[in-house]
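Heavy atoms only: backbone and side chains are in, while hydrogens, waters and symmetry mates are out.
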Amino acid sequence: MTATTSTPASLPRQLTLDEEGKRLGFRMTLPTQILILFIAVFPLLMQIYISLTDWSPLDGVSWISAYESWNNFANFVDLIQDDRLWAALRRTFLVMAVCVPAQFFLALGLAVLFVDNFIGKRLFYSILLTPMMVVPSVAGYMFFMLFQSGGPINGIISGVTGMDFAVAWLSDPHLALVAVMIADVWQWTPLMFLILLAGLIGVPEDQLRAATLLGASWWQRFTTIMLPRIKIVIVIALAIRVVEIFKIFDTLYVMTGGGPGVATETISVYIYKITTQDLTWAYVAAIALFILITLSVLANMALRRMGRRS
């Protein structure tokens, strides 16, 4: 007769405290993970699926059966050959190239001023943040009125120059986009100002005082201590505005509707028009996917570059 004994190898392995913590964390965040999966991943998969077909809601076919109109990547071939799309992208990049640097330097200058205390700082602070709180469509209407031929902008220029200045800003194909960019700079400089101010306030005062005691000038403190300290904050602020420029719509559409002609038709306005007028939803999905991939690649390159420098 032999006695049966259990070997240590047959016993379940005891989890370490770290492994137990990870399991608990996974269980606690599982509902949130499922929610994120539904909110972010499902629409993306649906967009990819639709972009590979010729599906349209007017066909009377549900989106689940869109595979019946599979087109072998024809939407992406059309996208490459779409001159109007590339023109809209060029305008978007032009707005980005003008507005983002203008907003950055204005915001940085204001943030440097607001780091120190001065009389009436709270009042000026509130006034400065007001444009950001205005609804974009309302801001668009405000600037639509300002840039009329007989509006305040022409009136001010006439008063300053002493000449009768009556330019039709929003009807001129060359000036309409300028008016839109002025409106964007007015409304979104405060956002970049807030981000940069938060970064400057976080710069250690002891380092600035030490540099002052060692005889460093304000410019030396600014370039050698303050700017390097807020480098990541600057990248984040620029990245936010670059992404937002691709979504500029309300203000622009109220001011010009993308016109005259297509003079101010940026990528978001172009997508809106072909979505609501042409109803080519599958093609729109392909364009949106293309822009998403492009922006993701650019953002990833910027973050990698930032990481290496950090």
| message | Please list all pairs meeting salt bridge (charged side-chain N to carboxylate O under 4.0 Å, His left out) that have one or both residues in residues 234-258, counting only residues at least two apart or in different chains. | response |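 Pairs touching residues 234-258 that pass the test: D184-R241, E244-K247.
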
| salt bridge (charged side-chain N to carboxylate O under 4.0 Å, His left out): which pairs involve residues 219-229, sequence neighbours left out? |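 Those involving residues 219-229 do not exist here.
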
Would you confirm whether [X], through its side chain, and [Y], through its main-chain N or O, come within 3.5 Å as a donor-acceptor pair?
X	Y	answer
Y270	G258	no
S268	I248	yes
T29	T32	no
W86	I80	yes

| request: Look at the rings of W169 and F165 and say which category their plane angle falls in: under 30° parallel, 30 to 60° tilted, over 60° perpendicular. | output: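 It falls in the tilted class, 30° to 60°.
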
| field | Qualifying residues under ring-ring contact (aromatic ring centres under 6.0 Å, His included), relative to F93, sequence neighbours excluded | value |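 Applying ring-ring contact (aromatic ring centres under 6.0 Å, His included) to F93 gives F246.
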
| message | Checking Y253 now: which residues fulfil side-chain contact (heavy atoms from CB on, under 4.5 Å) with it, not counting sequence neighbours? | response |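 Scan of Y253 (side-chain contact (heavy atoms from CB on, under 4.5 Å), adjacent residues dropped) gives F249, V269, Y272.
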
| task | Under the side-chain contact (heavy atoms from CB on, under 4.5 Å) rule, collect the residues that match up with S171, sequence neighbours excluded. | result |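 Once residues adjacent in sequence are excluded, the partners of S171 under the side-chain contact (heavy atoms from CB on, under 4.5 Å) criterion are A168.
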
Show every donor-acceptor pair shorter than 3.5 Å between a side-chain atom in residues 109-122 and any protein atom, with sequence neighbours excluded, or say none if there are none.
residue : atom : partner : partner atom : Å
N117    : OD1  : K121    : NZ           : 3.4
K121    : NZ   : F114    : O            : 2.8

Donor-acceptor pairs under 3.5 angstrom involving side-chain atoms of residues 291-298: please list them, not counting sequence neighbours.
residue : atom : partner : partner atom : Å
T294    : OG1  : F290    : O            : 2.8
S296    : OG   : L292    : O            : 2.7

| task | Please write out which residues are connected to I127 in a hydrophobic cluster, directly or through intermediates, given that two of Ile, Leu, Val, Met, Phe, Trp, Tyr count as joined at side-chain heavy-atom separations below 4.5 angstrom. | result |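 Members alongside I127: L123.
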
| How does the hydrophobic cluster around L214 look, that is, which other residues are in it when side-chain heavy atoms under 4.5 Å mark a link? |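 Noted: L214 shares its cluster with no other residue.
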
Donor-acceptor pairs are to be reported for all side-chain atoms of residues 51-58 against protein atoms at under 3.5 Å, with residues two or more places apart or in another chain.
residue : atom : partner : partner atom : Å
S51     : OG   : Q47     : O            : 3.4
S51     : OG   : I48     : O            : 2.7
T53     : OG1  : I50     : O            : 2.8
T53     : OG1  : W55     : N            : 3.2
D54     : OD1  : N71     : ND2          : 2.9
W55     : NE1  : V61     : O            : 2.7
S56     : OG   : L58     : N            : 3.3
S56     : OG   : L279    : O            : 3.4

N/O donor to acceptor pairs below 3.5 angstrom from side-chain atoms of residues 187-201, sequence neighbours left out:
residue : atom : partner : partner atom : Å
Q187    : NE2  : P131    : O            : 3.4
Q187    : NE2  : V134    : O            : 2.6
T189    : OG1  : V185    : O            : 2.6

| request: Only counting residues at least two apart or in another chain, list the ones meeting salt bridge (charged side-chain N to carboxylate O under 4.0 Å, His left out) with E68. | output: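 Checked E68 against salt bridge (charged side-chain N to carboxylate O under 4.0 Å, His left out); zero matches.
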
